[in-house]
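For reference, the structure discussed in these notes is given below.
These numbers come from a predicted model, not from an experiment. Chain naming here is simple, since letters A, B, ... match the order of the sequence lines and numbering starts at 1 in each.
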Number of protein chains: 2
Amino acid sequence: MVLFMNDLLLILKAISDKNRLRILSALLSHQELCACQITELLQVAGATASRHLSLMVNAGILKNRKNGRWIYFRINTEDISLDPILKWLTHKLKGSGQVIKDEDALNKILLVSCEDLCRKQRGETTCSKNQTGVNG
Amino acid sequence: MVLFMNDLLLILKAISDKNRLRILSALLSHQELCACQITELLQVAGATASRHLSLMVNAGILKNRKNGRWIYFRINTEDISLDPILKWLTHKLKGSGQVIKDEDALNKILLVSCEDLCRKQRGETTCSKNQTGVNG
DNA sequence: AGTATGTTTGGTTAATTAGCTAATTATATA
DNA sequence: TATATAATTAGCTAATTAACCAAACATACT
């Protein structure tokens, strides 16, 4: 039960952004993803992905787990009050072109180790400088 | 089925704003409300309420009906794919202090005719100039 | 027809936010 | 202990958005 409308707004704002919806969609089908994998999927600066992720964690939608230098994110399944909206989103997202493209991209990303992924990202200043990678 | 993530984002953005969530909450318990009643509830300029309402109509969440000079808004119950999220929102909003306050305010607003409500609103330039009214 | 009036649209401003780079923090390894 | 490195935070800029007022539009009434 949410006593404050603001808590609900935190959740809603956390999912009403294209990149954050893409993160959620990715995690709906992959359980756990590293920050660097999400960075690679979105093709944004690592700091930007981190901002999105912490916003979603803050809203209670995601949880994270530290494993050495890597941090893995997953959907917060402990809060069962989120179940209905997650189910609704899953249904609404099914068939979306963006989701299909992301699924493809993710499968390629998952073939690369986090070490290699991060090394690649270190080499790039930002995604906007068109370089070939697992995603391009 | 939403083929474009953008359609879903339209819906999500339409409900991830405090004033729009208040509109939705009001319509979840009152079926149909006039633009001037919503303006009075939110205590914003008529133009501002109108903007919020048209955004929600555009997202497919609300429908409107013209009755003479008045325009009545209601939740779009024809799109049954919205049912799950409306139900979830209803549940999440239950007990919220803002919703309770709004419910009180609405009951007072509904005692006044739209004519009187609009006359009152015409007298005010904006809500910020503290005048006594059905809501204050 | 002309006037009154509820709502919407145009135009502006202030606040919010998503993105970047650079600096910092936290962890692993030489 | 020093270095390397994944992720976060700080600080900035550009884009978006919510609010206002004023003007336009649409409907009702004289």
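The CE atom of A:M56 sits 15 Å away from the C1' atom of C:dA18 (whole-angstrom rounding). Atom CD1 of B:I71 and atom C1' of D:dA28 are 14 Å apart (whole Å). As a whole-Å value, the separation of B:L12 CG from D:dT16 C1' is 17 Å. In this structure, CG of A:L62 is placed 15 Å from P of D:dA7, rounded to the nearest angstrom. A straight line from CZ of B:R22 to P of D:dA19 spans 10 Å, rounded to a whole angstrom. The distance between atom CG of A:L33 and atom P of D:dA7, rounded to the nearest whole Å, is 12 Å. Distance, B:K18 NZ to C:dA15 P: 18 Å, rounded to whole Å. In this structure, CZ of A:R122 is placed 17 Å from P of C:dA22, rounded to the nearest angstrom.
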Please test A:C114 against A:Y72 for side chain to side chain contact (heavy atoms under 4.5 Å, CB included), starting from the C-alpha separation and ending with a verdict. CA-CA 11 Å; A:C114 282; A:Y72 289 89; 4.1 Å; yes
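A:A49 comes within 4.0 angstrom of nothing in the nucleic acid, heavy atoms only. Note on A:R51: a base of the nucleic acid sits closer than 4.0 angstrom, heavy atoms only. If you check every strand for non-hydrogen atoms under 4.0 Å, A:C34 touches sugar and phosphate atoms only. Residue contacts shown for B:Y72 are absent, as no nucleic acid heavy atom lies under 4.0 Å away.
The nucleotide whose nearest atom lies closest to any side-chain atom of B:K13 is, among D:dT17, C:dT9, D:dT9, D:dT17. The nucleotide whose nearest atom lies closest to any side-chain atom of A:W70 is, among D:dT8, D:dA6, D:dT9, D:dA6. Taking every side-chain heavy atom of B:H52 into account, D:dA18 is the closest of D:dA18, D:dA7, C:dT8. Set against D:dC20, D:dA18, C:dC20, the side chain of B:A45 has D:dC20 as its closest nucleotide. Among D:dA6, D:dA10, C:dT7, the nucleotide with an atom closest to any side-chain atom of A:C118 is D:dA6. When the nucleotides D:dA7, D:dA10, D:dA19 are ranked by their closest atom to the side chain of B:T48, D:dA19 comes out on top. When distances run from any side-chain atom of A:A47 to the nucleotides D:dA18, D:dT9, D:dA7, the shortest one goes to D:dT9.
Considering only heavy atoms from C-beta on, B:L110 comes within 4.5 Å of B:H30 through its side chain. Between A:D7 and B:K92, the closest side-chain pair of non-hydrogen atoms is not below 4.5 Å. Between A:I23 and A:M56, some side-chain heavy-atom pair lies under the 4.5 Å cut-off.
Checking the phosphate oxygens (OP1, OP2) of C:dG19, a side-chain nitrogen or oxygen of A:N19 falls inside 4.0 Å. Taking 4.0 angstrom as the limit, A:K66 places a side-chain polar atom (N or O) nearer than this to OP1 or OP2 of C:dT27.
Take the nearest nucleotide of DNA chain D for A:R119 and for B:R69: the residue whose nucleotide is more 5' is A:R119.
Salt-bridge annotation for A:D116 and A:R119: present, with a side-chain N of the basic residue lying under 4.0 Å from a carboxylate O of the acidic one.
With hydrogens and angles left out, the side-chain atoms of A:T39 and A:Q121 include no donor and acceptor closer than 3.5 Å.
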